[in-house]
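Here the structure comes first, spelled out in structure tokens, and everything after it is commentary.
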Amino acid sequence: MKDPNFFEKVFDVVRLIPPGRITSYGAIANFLGTKGSSRMVGWAMHAASSAIPPIPAHRVVNSAGLLTGKVHFGTPTLMEELLKSEGILVKDDKVQNFKKHFWDPSVEIGG
DNA sequence: TTTTTGACGATTC
DNA sequence: AGAATCGCCAAAA
């Protein structure tokens, strides 16, 4: 992969997520223009494990604020720990104050 | 080139 | 209100 437009965009957006903030796959997909294809964002995250610099995928959750991708963090609690380490409350693999910490790329970047 | 999948989202039953 | 299913589209085998 040299210029994976789609992946690169996803990586770029996720890397732009400031600490203590989180966003949803759909929000990123919407920003990329492939709205409705939120799954593509998740699929891109698979490659994120091989992306340089590393992608703070722990700041990306689903629309429900659930840490669905926590299983990809080596440990099933790493993602939760990372979020809590940034000041985000996580309960039962679910982000609390989701909308409060929500970070919309189309607003922060697209603005 | 075709088929399967996939860290989602929304709608329908 | 809860559970199940369809739809999005791109990448990997």
Side-chain angles (χ1 to χ4, degrees):
Chain A
M1 59 174 65
K2 289 196 298 190
D3 285 71
N5 229 283
F6 188 86
F7 276 35
E8 192 169 281
K9 281 187 171 185
V10 176
F11 298 154
D12 188 47
V13 173
V14 176
R15 280 178 307 177
L16 288 172
I17 301 175
R21 292 292 162 99
I22 52 180
T23 190
S24 64
Y25 302 94
I28 298 173
N30 180 38
F31 174 71
L32 296 181
T34 57
K35 56 182 179 180
S37 299
S38 45
R39 343 180 351 156
M40 305 294 63
V41 179
W43 182 254
M45 304 311 284
H46 265 268
S49 301
S50 227
I52 305 294
I55 310 290
H58 64 274
R59 296 184 190 145
V60 186
V61 297
N62 69 357
S63 62
L66 289 171
L67 279 52
T68 50
K70 66 172 190 168
V71 296
H72 296 269
F73 282 78
T75 56
T77 53
L78 178 59
M79 188 175 186
E80 179 178 329
E81 290 298 313
L82 287 170
L83 290 172
K84 289 194 296 186
S85 183
E86 294 186 354
I88 299 175
L89 295 176
V90 181
K91 184 62 144 321
D92 189 57
D93 301 330
K94 180 171 56 184
V95 175
Q96 305 301 303
N97 306 320
F98 176 60
K99 53 193 277 186
K100 176 182 175 183
H101 294 290
F102 187 72
W103 182 83
D104 192 344
S106 62
V107 172
E108 302 293 329
I109 308 173

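Just the heavy atoms: all of them, side chains too, but no hydrogens, waters or symmetry mates, feed the values below. In what follows, every chain begins at residue 1, and chains take the letters A, B, ... in the order their sequences are listed. Keep in mind that what you see is a predicted model, and the values were worked out from it rather than measured.
Distance CD (A/E8) to P (C/dA10): 16 Å, rounded to an integer number of Å. Here C/dA11 presents its P atom at 12 Å from CG of A/L32, a figure rounded to the nearest Å.
A donor-acceptor pair under 3.5 Å links the side-chain atoms of A/H101 to the main chain of A/G20, judged by distance alone. A/D92 contributes no side-chain N or O that, together with a main-chain N or O of A/K94, makes up a donor-acceptor pair within less than 3.5 Å.
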Using a 4.0 Å heavy-atom cut-off, write out nucleotides 7-13 of chain B from 5' to 3' as B (base contacted by protein), S (sugar-phosphate only) or - (no contact). BBS----

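Nucleotide C/dA13 is matched to B/dT2 when pairs are restricted to Watson-Crick or G-U wobble geometry with both distances under 3.5 angstrom.
Among all heavy-atom pairs drawn from A/Y25 and A/V41, the shortest one is O-CG2, 3.5 Å. Residues A/L82 and A/H58 approach most closely at CB-CD2, 3.6 Å, considering heavy atoms.
Classification of A/D12 and A/R15 as a salt-bridged pair holds, one side-chain N sitting under 4.0 Å from a carboxylate O.
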